[in-house]
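Each remark here refers to the structure printed beneath this line.
Being a predicted model, the structure only gives us computed values, none of them experimental. These values consider heavy atoms only, across backbone and side chains, with no hydrogens, waters or symmetry-generated copies.
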Number of protein chains: 4
Amino acid sequence: MKKGVMRPGHVQIRVLDMEEALKHYRDLIGLIEMDRDDQGRVYLKAWTEVDKYSVILREADEPGLDFIGFKCLNENTLDKLNIDLIEFGCRTKELPANNLKDCGRRIQFTTPTGHTFELFANKKQTGKWGLENVNPEAWPEGLTGMKAVRFDHCLLYGPDIEKTTQLFCNVLGFDVAEQVIDENNVRISSFLTCSSKAHDIAFINHDEPGKFHHASFWLETWEDILRAADLISMKDVALDIGPTRHGLTHGKTIYFFDPSGNRSEVFCGGDYHYPDHPTVTWQAEALGKAIFYHDRALNERFLTVLT
Amino acid sequence: MKKGVMRPGHVQIRVLDMEEALKHYRDLIGLIEMDRDDQGRVYLKAWTEVDKYSVILREADEPGLDFIGFKCLNENTLDKLNIDLIEFGCRTKELPANNLKDCGRRIQFTTPTGHTFELFANKKQTGKWGLENVNPEAWPEGLTGMKAVRFDHCLLYGPDIEKTTQLFCNVLGFDVAEQVIDENNVRISSFLTCSSKAHDIAFINHDEPGKFHHASFWLETWEDILRAADLISMKDVALDIGPTRHGLTHGKTIYFFDPSGNRSEVFCGGDYHYPDHPTVTWQAEALGKAIFYHDRALNERFLTVLT
Amino acid sequence: MKKGVMRPGHVQIRVLDMEEALKHYRDLIGLIEMDRDDQGRVYLKAWTEVDKYSVILREADEPGLDFIGFKCLNENTLDKLNIDLIEFGCRTKELPANNLKDCGRRIQFTTPTGHTFELFANKKQTGKWGLENVNPEAWPEGLTGMKAVRFDHCLLYGPDIEKTTQLFCNVLGFDVAEQVIDENNVRISSFLTCSSKAHDIAFINHDEPGKFHHASFWLETWEDILRAADLISMKDVALDIGPTRHGLTHGKTIYFFDPSGNRSEVFCGGDYHYPDHPTVTWQAEALGKAIFYHDRALNERFLTVLT
Amino acid sequence: MKKGVMRPGHVQIRVLDMEEALKHYRDLIGLIEMDRDDQGRVYLKAWTEVDKYSVILREADEPGLDFIGFKCLNENTLDKLNIDLIEFGCRTKELPANNLKDCGRRIQFTTPTGHTFELFANKKQTGKWGLENVNPEAWPEGLTGMKAVRFDHCLLYGPDIEKTTQLFCNVLGFDVAEQVIDENNVRISSFLTCSSKAHDIAFINHDEPGKFHHASFWLETWEDILRAADLISMKDVALDIGPTRHGLTHGKTIYFFDPSGNRSEVFCGGDYHYPDHPTVTWQAEALGKAIFYHDRALNERFLTVLT
């Protein structure tokens, strides 16, 4: 957190049918429905999150990602970063408070990869779901499905990984925790962190801009990943791959699809990063192992991404 | 154990190169090398096994299964079962003691599926490896690789599942814990048990007789399956599929290959069976889910078996 | 299962207040309430059990154990064992079918330790709870609390361990999987099995007859033991000890009390036993480690048992 | 990391006998011996740590803590924090580079609780032990004992918790992730973080200054905690308490003692903290549950601390 950007605070995802989507994000992944707005958007959170919500679902004609919001330390940080973003060459747009329910003003910008990001500093805090803040129990009863612990990161596809990496590092204070380089030492993927997590956002090079690979939710253990896999099968949900481990970050993972075709991940574990740590590098010839550590090969679907 | 057959006591597997095979069974799976004989066969065991060995490796020109031996309560049981086998229509052959090192006489016979089995009642007991029998610790130090806990079962392919099932049930006192039936209610797979394990031996219908699908070793936990998967990748071993869960037995599993092409499984968990339990049935149209519960589809390799 | 005794089929426990007891056995341990009878007894089962019930709660003025029932292969086995019990010197009593709801006739007898046991061969089978017998899923949704997998065994205190051990071994076909011997090589505890489980029933020497130490339920993993411990704390249930491991059987365990003072155990893992395995011996000087492997000392409550 | 303090970088612990201590920290906890210096100090690290070492053992006449060092972003941060510390009222002392082997200059100061801390910005980086930085495997082979993942934090006892908390928060940029307050709302314990970990350093109120409760090492899973507990028993190491869970941070833990009487902890899991999160509060009347979540009572040893 070198520039005051704390964490991925929310993601807005487009879904084709809200009730079907809620079966996925609420009943299966285990997010908690917190609110709805007059646009019909549904706000959800994972149980350990202190802020009111981290996932916003919007019904639309095609699936995909609307935007990802990072929460910053305070309003001054927003003003400072707005200036730095403009200086870097981004056009920014300020959205007023409560455009997202119970969220303060947001500074939006587009990355060279073609994705919409936003920064915000205030959101209503409702506290961890089902727990008191005094003498809190270990976990709340009443969680459903995979019992997602927190919204963790997204993986995005698009062009100009290098410039996007510079934006996140130089302007927003992220580090490149891990990267993939091709045979010419050109970076084709950046796993970027503003914390000690192995990634708070990740990009893979792709010709078309603005593509969405997956939104990821953290579970606590490898047993939770097994139970997630079981639920995917029991509910006849479309599985992508897993349970397995990634090479990149070494997280343990499973990929699957929501009814609209958006890919979800639940994962646990994985490496940690501090600012003085050297970047971990994966070579393109080891890309199969970097992505799916056990299979050591990409599946055909891995390059399938949404607009 | 209705007829005195206790458990799968050993399996003899053919390997193309003994030193390469030992890297697999000893260093990777974690069996302990216990002895060699003047034919060059190597005898290994898993650490919790009380008998001296459970796996015999024989160097040969082609890989595959030589035979599987079941340990019986006592010598009288052998004599009784020999008669019953002959009455059932099997030709039996008695092999003298010490034909396998430190093993008593063995009664061999061939199943309708074309596999060689044998019964024996005595084998030298060396005790659990690395533990005393008085005030024993929880586990021994010095185990390697996957730290296999015990040899558990084999899966075999061949014709005439029905007659083979009758042989195991009526003569040897096994139960059909689980089965697969086709659309005409014909049994195309039997998972047979002489204990409370979900399977001590399993058969799948196949035109050619005597085929070997895999030998399986028990691990204690799903985390052990993960570490096994990691080792498979770290050692660049050929992975078949996993980590995943089976539908049949609900065991958690990973399949991989030894350097000769023999398939190995390590697994944990799974259902239990008592003689009064009804057989669990899987329908052929759910075969993908029955075999690989998460993928819900067979991989192309699943039907590849060895002579 | 050398004499046709398959498993502990049920235990009848006395409780002071039925509704409080149900909070413990049903809501906390996660047994499923299956039926009640006109005596007010409540019948419960764990989800993997095929029989209709395994725990019967009876409201009474003092807590403790009424009886433990072992399920046998068939009615002929009952008749045979009845004769053998009488020959051994036990007085037996036959209770008619449906004295316990949906249960066949039962042969009751008292062990030298002063405990009431019974044998039965038939009980209504309702199948695994929440699962089909065709293409069954891995586990049912809707389980509560600790999600107990099965009723597993009881530990009892009383005199004349030696004669009781002979009764179980010689008459009922059990093996002594593990034992504790004192400095004079006198057996002061027997862990007895009629299966490959490390114990189906266990006895510890005690001056007073007929004492009840605990009824034990099997969980699948060490993580399940942690969640059980968390629930015990969250619900303010009286903890005895754990999470920890036993030396005897090496099972991972937690002990706690029902509202009436009956001790419950949930545990996972542990050693397996076959009839040809030598008995594992613990010496009395290592009794602390034998009981509580990590603490290596008995807690003061361990010798507290109920009538 | 609001003021450039990244993490606990090292701890120097006094031991009575170096070879005995190495059996504890190297062979049991699984730290890797990296170097020794001409004072006889031994430098060790956990395998995921990029810096050369994190634990320094010094042979001395009494056990206890010499100092804890926090690693900062860069040398400028050191200068800035040195000024801020002096301004806060601390006397600081600069130790030259290589006073600790391969470590840059260190700024030492004493907290109101009477403990010696130091800040440093440079230490030789040897990379994760046993892994490459290009295409790294999931974990290295050859780890021993508990296979400690990283040095995590210390718990210290001393007076003036409030002023020490101000020092860490206002000068060094930490947050109070969790606290214990007494019946008069006086803070008697602070769990302080400079990252998203639940604690990078923790203090409990105590009349005597400079007391050392434990140094803690992170393991990956609850199964690793079990194996640690098993090893403690197998090696006849003095156990304090566990395996269990803390209420504070909700980490899963076991406490035990090195041969000199210094307490060690290995733990896994636990809550995370961001700067915008409210402090979690435990009330003194729930202190038993705050410290040992399952027992809900302090053990008698908990208040035993070293000079």
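D:Phe212 has its side chain within reach of D:Leu156: a pair of non-hydrogen atoms, C-beta onward, lies under 4.5 Å apart. Taking 4.5 Å as the limit, every side-chain heavy atom of D:Val55 sits out of range of all side-chain heavy atoms of D:Ile29.
C:Ile201 and C:Cys154 get closest at one heavy-atom pair: CD1-O, 3.5 Å. Considering all non-hydrogen atoms of both residues, C:Leu239 and C:Gly242 come closest at CD2-O, 3.9 Å. When every heavy atom of C:Ala229 is checked against every heavy atom of C:Ile254, the shortest pair comes out as CB-CD1, 3.4 Å.
In this structure, CD1 in C:Ile204 is found 8.0 Å from CD1 in C:Ile188, a value given to the nearest 0.5 Å.
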Report the donor-acceptor contacts between chain C and chain D below 3.5 Å as a table, one pair per row.
residue  : atom : partner  : partner atom : Å
C:Trp222 : O    : D:Trp222 : NE1          : 2.8
C:Trp222 : NE1  : D:Trp222 : O            : 2.8
C:Asp230 : OD1  : D:Arg245 : NE           : 2.7
C:Asp230 : OD1  : D:His294 : NE2          : 2.8
C:Asp230 : OD2  : D:Arg245 : NE           : 3.2
C:Asp230 : OD2  : D:Arg245 : NH2          : 2.6
C:Ser233 : OG   : D:Tyr293 : O            : 2.4
C:Ser233 : OG   : D:Arg296 : NE           : 3.4
C:Asp236 : OD1  : D:Arg296 : NH1          : 3.0
C:Val237 : O    : D:Arg296 : NH1          : 3.0
C:Val237 : O    : D:Arg296 : NH2          : 2.7
C:Arg245 : NE   : D:Asp230 : OD1          : 2.8
C:Arg245 : NE   : D:Asp230 : OD2          : 3.2
C:Arg245 : NH2  : D:Asp230 : OD2          : 2.6
C:Tyr293 : O    : D:Ser233 : OG           : 2.4
C:His294 : NE2  : D:Asp230 : OD1          : 2.8
C:Arg296 : NE   : D:Ser233 : OG           : 3.4
C:Arg296 : NH1  : D:Asp236 : OD1          : 3.0
C:Arg296 : NH1  : D:Val237 : O            : 3.1
C:Arg296 : NH2  : D:Val237 : O            : 2.8

